[in-house]
Amino acid sequence: MNIQEFSSLLEKVRVSNPLVHNITNVVVTNFTANGLLAIGASPVMAYAHEEAAEMAKIAGALVLNMGTLTEKEVKSMLIAGKSANQHGVPVIFDPVGVGATAYRTDTAKRILEELDITIIRGNAAEIANAAGQKWSIKGVDAVEAAGNTSELAKSAAKELGAVTVITGKQDIVSDGRSTFAINNGHPLLTKVTGAGCLLTSIIGAFAAIEKDPVKAAVTSLVVYGSAAEIAAEKSDGKGPGTFQIEFLNSLYNISAADVESYGSFEKHQLGGNINESEQSFNHSGF
Amino acid sequence: MNIQEFSSLLEKVRVSNPLVHNITNVVVTNFTANGLLAIGASPVMAYAHEEAAEMAKIAGALVLNMGTLTEKEVKSMLIAGKSANQHGVPVIFDPVGVGATAYRTDTAKRILEELDITIIRGNAAEIANAAGQKWSIKGVDAVEAAGNTSELAKSAAKELGAVTVITGKQDIVSDGRSTFAINNGHPLLTKVTGAGCLLTSIIGAFAAIEKDPVKAAVTSLVVYGSAAEIAAEKSDGKGPGTFQIEFLNSLYNISAADVESYGSFEKHQLGGNINESEQSFNHSGF
Amino acid sequence: MNIQEFSSLLEKVRVSNPLVHNITNVVVTNFTANGLLAIGASPVMAYAHEEAAEMAKIAGALVLNMGTLTEKEVKSMLIAGKSANQHGVPVIFDPVGVGATAYRTDTAKRILEELDITIIRGNAAEIANAAGQKWSIKGVDAVEAAGNTSELAKSAAKELGAVTVITGKQDIVSDGRSTFAINNGHPLLTKVTGAGCLLTSIIGAFAAIEKDPVKAAVTSLVVYGSAAEIAAEKSDGKGPGTFQIEFLNSLYNISAADVESYGSFEKHQLGGNINESEQSFNHSGF
């Protein structure tokens with residue numbers, strides 16, 4: 001995996017314009033759709049039980065996000081997820097706030113048991129709770145990760161049988177065997193609601209056009225985080241309102257050269273240490 | 001119909017501040033409300049079966065958008081629509097994604113059969129599918145129109161008994177007898193989610209204050225497309241985030257002089273050719 | 001109560017990052033979450049009957065907003081509200097559009113009867129209707145207040161047993177004994193959908209960290225209105241799109257010095273006259 005592959009996958013998203021079917025929460029639908037349009041994907045939100053299976057079947061990826069779940073939406077997720085599984089459509093799962101209430105924990109468990117999840121994305125507490133480990137969580141916002149997120153990603157990936165993405169100060173991707181750390185991103189992302197949810201949907205866009213889910217996830221994190229760094233530069237300290245707008249601009253404008261200049265990732269050795277022999281790009285100040 | 005009438009209708013919207021009742025999808029509610037406020041209308045979203053009829057009755061227009069339909073919302077649409085029909089309130093229908101799933105096709109058919117729709121607005125594939133013709137559609141985004149949209153608008157208007165608006169590179173309005181083409185707009189509108197949905201709601205704002213639905217629709221398209229052109233100039237190539245914000249600014253600021261300077265429309269002759277004797281304004285570069 | 005207390009409460013919100021549980025309408029969820037993040041709070045939206053009680057229990061405040069109410073959401077509000085009451089969590093109520101339909105009036109009455117509301121926030125017509133007085137209302141937007149809002153706030157507070165906040169050209173806070181008028185704000189707030197709803201949620205953020213609901217409400221209005229004035233200056237006449245973004249920036253950036261320089265409030269004497277002996281800050285041009 002190298003940085004040139006990432007920019008070529010970005011180009012592929014823009015050319016092939018994959019349909020990403022989102023069953024997501026009411027807080028972030030607009031931002032998610034605009035972010036997917038900006039990166040070059042084609043978003044669709046379809047929740048009705050009557051059409052969820054049919055829409056998932058024709059989609060390039062299905063994204064399930066339980067941010068404002070109700071029993072009706074959980075049923076939609078299961079219908080759509082089963083259809084996606086049946087037709088080889090990758091399913092990306094964002095277990096928002098799992099651990100915050102018993103209902104969220106139960107629902108995440110149910111989704112993970114009944115569906116074949118390709119990639120799961122959350123903060124450290126969410127991933128730990130989804131994998132049956134107890135980490136502290138308050139509402140739907142991340143708490144400072146206290147443990148080793150690289151080890152957590154690896155063990156969660158094995159436990160859940162899904163490529164695991166943990167986002168935080170450093171982002172981690174693991175399939176239980178290979179583990180990557182991505183250094184891109186910006187703190188202002190935590191001040192824009194749905195920045196995590198949109199990322200999950202953008203992972204869906206890349207998973208729609210790249211069969212290797214680890215590569216799709218790492219690419220998404222590098223592109224997304226680089227776009228955030230560019231947006232922070234452009235927004236010039238004005239605040240999260242301006243940053244949000246510049247971030248949509250950046251997702252739309254980010255070039256292969258930008259990805260190569262900003263992108264920063266590294267492969268972890270077994271045991272979680274950084275493998276120095278891997279190519280590491282770390283040009284960003286963050 | 002001439003361009004001065006359009007700017008006078010715009011002034012009328014701003015002065016009379018019509019109440020537009022929207023039953024719309026969860027992706028675009030915020031953008032729709034902000035766009036309606038910007039143009040000078042007063043948006044309300046009311047979905048409960050208990051109040052849909054009462055709200056539709058006091059509204060200046062009712063807008064039905066099936067972007068993220070569920071059976072519950074379809075029922076709300078039918079309740080509100082029947083009340084609107086009974087009280088002479090114009091009903092504007094946006095059959096989002098009709099043709100993409102059987103459920104959408106069936107629902108659009110049901111709404112068109114049970115309600116008296118004043119104006120229907122969609123891209124070419126949606127209008128064709130709503131009118132029982134088969135056009136290709138992927139998700140909820142438009143595909144390039146392959147046929148003659150002017151002929152399609154005319155035949156759909158006759159078939160559906162509603163003024164038909166087809167949006168695309170060129171926008172078409174037809175009541176089956178007269179057909180108009182509007183040349184305003186900007187490609188960045190396709191990169192902002194809900195740009196079509198907001199347009200449908202703004203057609204509602206104009207239909208609330210202008211009894212002739214053809215004139216209301218043509219005016220909406222000219223004003224909306226001109227505002228988009230101004231917004232594209234102001235956003236100066238920065239991207240869809242900035243464009244979205246400048247577009248709200250433009251809807252708020254667009255003046256009679258702007259409408260007269262940017263507005264571009266023409267009447268089609270029977271058979272779909274352009275009637276050169278009609279006044280044609282084509283000052284925009286788009 | 002003095003202006004230094006307000007800036008110290010603002011600092012306290014930013015440091016303690018209170019969890020604000022919102023059951024709110026689909027139009028404003030995104031803007032509400034972004035505004036709460038900007039001021040320093042931690043927003044959560046949780047509607048499922050299965051988790052509403054549990055989430056409300058751990059929250060610093062519960063905000064109930066009936067902008068797009070359905071029977072299911074009303075039930076969520078009652079479940080969450082009872083849990084909040086039981087665990088001493090302040091409940092802030094925004095009776096959006098009460099008086100516009102019988103269903104809204106009935107629902108507001110039901111919520112006010114079944115729950116112990118700490119603070120209620122609305123425009124003059126909404127508060128009058130909630131308190132059983134008849135004021136004209138059109139949809140969900142405020143009509144010009146025709147009566148004495150200070151007297152209305154006082155009588156509504158007594159009638160409803162809740163601190164009452166009326167927003168309009170001048171904002172009023174009353175607990176039935178003491179009444180305060182706040183002079184901050186900007187007309188562009190009426191051109192951004194959810195500006196009232198977000199304010200209600202921000203009152204929740206302050207009520208989470210300040211036990212005196214009058215002080216929490218007055219602080220919120222001063223901070224919110226001052227941020228709006230700063231945003232209007234920064235947006236430089238460009239329109240409501242830019243204002244909305246600058247407002248999020250301002251909520252994030254507003255300093256103690258800004259609050260002290262822009263903040264303007266006064267205590268009303270019994271009978272509604274202004275008590276000149278109270279400290280009055282009125283530096284804003286608005």
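Every chain is numbered from 1 and lettered A, B, ... according to where its sequence line falls, protein lines coming before strand lines.
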query: Can you tell me if Asn249(A) and Thr242(B) form a side-chain donor-acceptor pair at under 3.5 Å?
result: yes
message: Within the 3.5 Å criterion, strictly below it, is a donor on Asn25(B) or Thr68(B) matched to an acceptor on the partner's side chain?
response: no
query: With side chains defined as the heavy atoms from C-beta onward, is the minimum distance between Glu54(A) and Ser83(A) less than 4.5 Å?
result: no
- prompt: Do you know which of Thr29(B), Thr70(B), Val192(B) has the most heavy-atom pairs under 4.5 Å to chain A?
  reply: Val192(B)
message: If I measure from the heavy atoms of chain B, does Lys72(A) come under 4.5 Å with its side chain, its backbone, both, or neither?
response: side chain
message: Checking Ser201(B) against Asn22(B): is there a side-chain donor and acceptor pair closer than 3.5 Å?
response: yes
- request: Go through the atoms of Ile245(B) and report whether side chain, backbone, both or neither lie under 4.5 Å from a heavy atom of chain A.
  value: side chain
task: Could you look at Asn34(A) and say if it's the side chain, the backbone, both or neither that has a heavy atom under 4.5 Å from chain B?
output: both
message: Looking at Arg110(B) and Glu71(B), is there a salt bridge between them, counting it only when a charged N and a carboxylate O are closer than 4.0 Å?
response: yes
query: Out of Glu73(B), Lys191(B), Gln244(B), which one racks up the most heavy-atom pairs below 4.5 Å with chain A?
result: Lys191(B)
